[in-house]
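A short worksheet on the structure shown next.
First the proteins, then the strands, lettered A, B, ... as listed; each starts at 1. Keep in mind that what you see is a predicted model, and the values were worked out from it rather than measured.
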There are 2 protein chains.
Amino acid sequence: MTRNASQTRHRLLAVARHHFARQGYATTTVRDIADGAGVNVALISRYFTSKEGLFEECLRTTVTDFKAAAQGMVFTDVAEALAHRLTSPTGDPALLEGLLLLIRSSGDERADTMRRTLLCAMSSRLAVSAGAAEPPDTEALLRAQLVLAAALGIAMMRANLDLEPLATATEAEMLNPLHALVATVIP
Amino acid sequence: MTRNASQTRHRLLAVARHHFARQGYATTTVRDIADGAGVNVALISRYFTSKEGLFEECLRTTVTDFKAAAQGMVFTDVAEALAHRLTSPTGDPALLEGLLLLIRSSGDERADTMRRTLLCAMSSRLAVSAGAAEPPDTEALLRAQLVLAAALGIAMMRANLDLEPLATATEAEMLNPLHALVATVIP
DNA sequence: GCGGCAAGTCAACATGTGTTTACCTGCTGT
DNA sequence: ACAGCAGGTAAACACATGTTGACTTGCCGC
């Protein structure tokens with residue numbers, strides 16, 4: 001194997017995101033991640049100081065990913081974007097992983113703060129793009145957060161339980177119901 | 001402490017449900033549970049053969065609980081029932097725990113099967129009570145499962161992230177948005 | 001070619017966890 | 001009152017896991 005620090009660093013991050021998103025923090029071991037990246041366990045502590053540090057880094061990439069995706073998105077796009085992320089059409093599993101990471105707590109204070117901050121920003125954006133005043137009032141915010149929570153629940157259920165037809169529904173099949181669901185942000 | 005087997009058994013079950021529901025399976029230790037019940041760790045293996053056995057028992061109580069709650073419930077009750085469970089008005093935290101346990105996987109095959117079976121039955125019931133044929137077609141089932149997933153996501157978000165106003169919203173405040181959300185089962 | 005350094009490995013350590021075995025202890029029927 | 005037994009405890013074991021420090025190996029500039 002050719003030696004390239006930043007390359008294996010990225011490989012570690014990718015594998016870690018994969019496992020953290022699907023099995024949660026406590027269940028995935030650093031040895032799983034290292035093996036998945038074809039590398040020794042010690043490199044995790046070396047590159048990310050600790051398992052927690054690695055998790056935080058994963059969350060950090062998720063935050064920037066979502067901020068980029070939210071650029072110039074208007075309300076009617078939300079359901080489509082959600083459907084796309086939720087089904088993650090075999091091309092880019094990172095989309096689903098991003099959603100899932102938002103619900104995987106590590107017990108780490110910093111990580112939880114990052115997650116909370118992002119979710120707060122997302123729900124606020126969703127509320128105003130649905131027509132709420134700026135800053136949105138409490139009820140508008142609540143409705144937006146309910147929809148967000150719904151999306152996270154769907155992501156989790158698709159990833160963890162294989163309940164048919166939800167588990168294998170295609171993007172096209174999810175689109176209409178998701179439109180209806182997202183529309184509930186509007187009073 | 002007075003000695004009463006079935007009483008301490010129930011205490012263990014209650015504490016286990018509490019911890020499993022809030023922190024998940026991997027994160028809660030048998031010593032946490034035993035301490036919470038004011039009892040020695042060895043009793044868990046004694047009464048439930050293993051940590052997995054204890055978890056299965058928790059899930060089993062949840063299944064019977066939900067089956068009892070579903071008796072004679074019609075579609076218009078669903079949102080109210082959900083709001084009630086989700087907010088768990090300080091009286092009976094077991095309601096929220098029931099919802100949360102449905103999303104806490106232990107990696108145990110039997111437990112996952114139980115969960116899947118219950119969710120399947122619930123979504124089917126929800127679909128037909130929303131007006132679908134019996135047995136419901138795939139699309140109706142999908143919509144029902146999406147609503148179910150939404151409910152689980154909300155439960156999880158209220159329990160794990162403290163995102164305001166969702167985290168502390170009252171039953172009354174949740175009722176209207178939940179009505180809208182549940183109504184999306186209907187095409 | 002080769003010395004030096006970054007990239008990577010190896011083995012050990014400390015600790016937390018589920019489980020078991022042998023051992024107490026208080027209630028109960030007689 | 002007391003023997004017997006179910007209810008409960010204590011300590012140890014086996015093992016998995018996160019982390020560390022010493023060691024090895026491949027690459028790059030001279």
State which of C:dT9, C:dG18, D:dG8 makes the closest approach to the side chain of B:Val30.
C:dG18
In terms of heavy-atom contacts, B:Asp77 and B:Gly72 come closest through OD2-O, 4.5 Å
Under 4.0 Å, counting only non-hydrogen atoms across every strand here, what does B:Ser6 touch: a base, just sugar-phosphate, or nothing?
nothing
Separation of D:dG7 P from B:Arg11 CZ (nearest whole Å)
13 Å
For DNA chain D, consecutive-pair runs of 3 or more (Watson-Crick or G-U wobble, both H-bond-type distances under 3.5 Å) give C:1-30 with D:1-30
Checking salt bridge (Lys or Arg N to Asp or Glu O under 4.0 Å) against A:Glu57, which of A:Arg110, A:Arg9, A:Arg17 comes through?
A:Arg9
Is there side-chain contact between B:Gln145 and B:Met122, with at least one heavy-atom pair below 4.5 Å?
no
Expressed as a whole number of angstroms, how long is the span from B:Asp35:CG to D:dT9:C1'?
13 Å
SB check B:Asp65 B:Arg85 (cutoff 4.0 Å)
yes
B:Phe20 ring centre to B:Lys51 NZ or CZ under 6.0 Å, with the angle to the axis within 45°?
no
On DNA chain D, more 5' by nearest nucleotide between A:Thr27 and A:Thr49 is A:Thr27
The answer to which of B:Tyr25 and A:Arg46 contacts DNA chain C further toward the 5' end, by nearest nucleotide, is A:Arg46
Taking atom types as they are modelled, is there a donor-acceptor pair under 3.5 Å from the base of C:dG16 to the side chain of B:Arg31?
no
Need one value for B:Val41: base, sugar-phosphate or nothing, where a base atom within 4.0 Å counts as base even if backbone is also close, heavy atoms only.
base
A:Val15 versus A:Asp32: any side-chain heavy-atom pair under 4.5 Å?
no
Note, A:Asp108 side chain near A:Phe55 side chain (heavy atom, < 4.5 Å):
no
Are A:Leu13 and A:Leu54 packed together at the side-chain level, in the sense that at least one heavy-atom pair is separated by less than 4.5 angstrom?
yes
Could you please name the option among D:dT19, C:dG8, C:dG18 that lies closest to any side-chain atom of A:Arg3?
C:dG8
Could you state the atom-to-atom distance from CD1 of A:Ile44 to P of D:dT20 in whole Å?
13 Å
Choosing from C:dG8, C:dC10, C:dT19, which nucleotide comes nearest the side chain of A:Asn40?
C:dC10
In whole angstrom, what separates B:Leu12's CG from D:dT9's C1'?
14 Å
Whole angstroms only, please: what is the CG-P distance between B:Leu43 and C:dC24?
17 Å
side-chain N/O B:Thr29 vs C:dG16 OP1/OP2, d < 4.0 Å:
no
Any base atoms under 4.0 Å from B:Ala42, or only sugar-phosphate, or nothing? Heavy atoms, all strands.
base
Using a 4.0 Å heavy-atom cut-off, does A:Tyr47 contact any base of the nucleic acid, only the sugar-phosphate backbone, or nothing at all?
sugar-phosphate
In this structure, how many angstroms lie between the C1' atom of C:dT19 and the CZ atom of B:Phe48, rounded?
16 Å
Can you measure A:Gln7 atom CD to C:dA7 atom C1' for me and round it to whole angstrom units?
12 Å
Provide, to the nearest angstrom, the distance between the CG atom belonging to B:Leu54 and the C1' atom belonging to C:dT17.
15 Å
